[in-house]
Number of protein chains: 2
Amino acid sequence: MPKHYTQLDHVFQALADPTRRAVLQRLSSGSASTLELARPFDMALPSFTQHLDMLERCGLVKSIKSGRVRTYALAPKRLQVAEDWILGRRELWERRLDQLDAYVRTMKGNDNER
Amino acid sequence: MPKHYTQLDHVFQALADPTRRAVLQRLSSGSASTLELARPFDMALPSFTQHLDMLERCGLVKSIKSGRVRTYALAPKRLQVAEDWILGRRELWERRLDQLDAYVRTMKGNDNER
């Protein structure tokens, strides 16, 4: 099984939580500190930072620490891995629908020729 | 929190496993029975059908039973929910890069005018 698969496991696992998705959504509009990110959530800070840790471990965000403040930013390349997987499936699916469509047209053509 | 969120939790959770992703990939090229789907996996059938059950519960596949054979097919609408979420994030991110680009161009323009 390609290495890609383990990355995908972690990325989809990270996306399977509304708090983590909300953090990614917030970071889409710019980088933010731990406290700025935590503010909208009714959650103890240690629980919240576990979500940030998970996002950073799987490579969806990156952070730098300056003094006491850790600032997070989106690392969009890893989200691309998940996007590529989903779009790849859609492409296969659409090709299959096209084949079905072509088949139906051929059958109709055969009917008309009779 | 919108209803959408719970659906997304389940869909991303379902996608976070290589066996379930492989089943979706297989179904992208056409419907298949439980045994056909199980064949490539070195896994006890009850464990494998748990994966199929999870995919069906979250709406990524649908199945019909005819006699003793259950046949599965992809239900691509639910995959669209995950795709929409990811593409939405990318759009925000790209808009942000565009803004940054415009800002850099403005700053360069100001420099040239000096």
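So you know, we letter chains A, B, ... as the sequences are listed, proteins then strands, and number each from 1.
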Connected via hydrophobic side-chain network under 4.5 Å: [X] and [Y]:
X: B:F41; Y: B:L27; value: yes
X: A:L60; Y: B:L87; value: no
X: B:M43; Y: B:Y72; value: yes
X: A:V81; Y: A:L79; value: yes

Inset, instruction - List the atom of B:D9, the atom of A:P18, and the distance in Å for their closest heavy-atom pair. - result: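 That closest heavy-atom pairing would be OD1-CD, 3.3 Å.
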Inset, instruction - Can you see which heavy atom on A:R89 is nearest to which on B:S28, and at what distance? - result: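 Shortest heavy-atom contact: CD-OG, 3.8 Å.
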Working to the nearest 0.5 angstrom, can you tell me the gap between [X] [atom1] and [Y] [atom2]?
X: B:L15; Y: A:W85; atom1: CG; atom2: CH2; value: 5.0 Å
X: A:L8; Y: B:D17; atom1: CG; atom2: CG; value: 11.5 Å
X: B:I86; Y: A:I86; atom1: CD1; atom2: CD1; value: 4.0 Å
X: A:F12; Y: B:R21; atom1: CZ; atom2: CZ; value: 6.5 Å

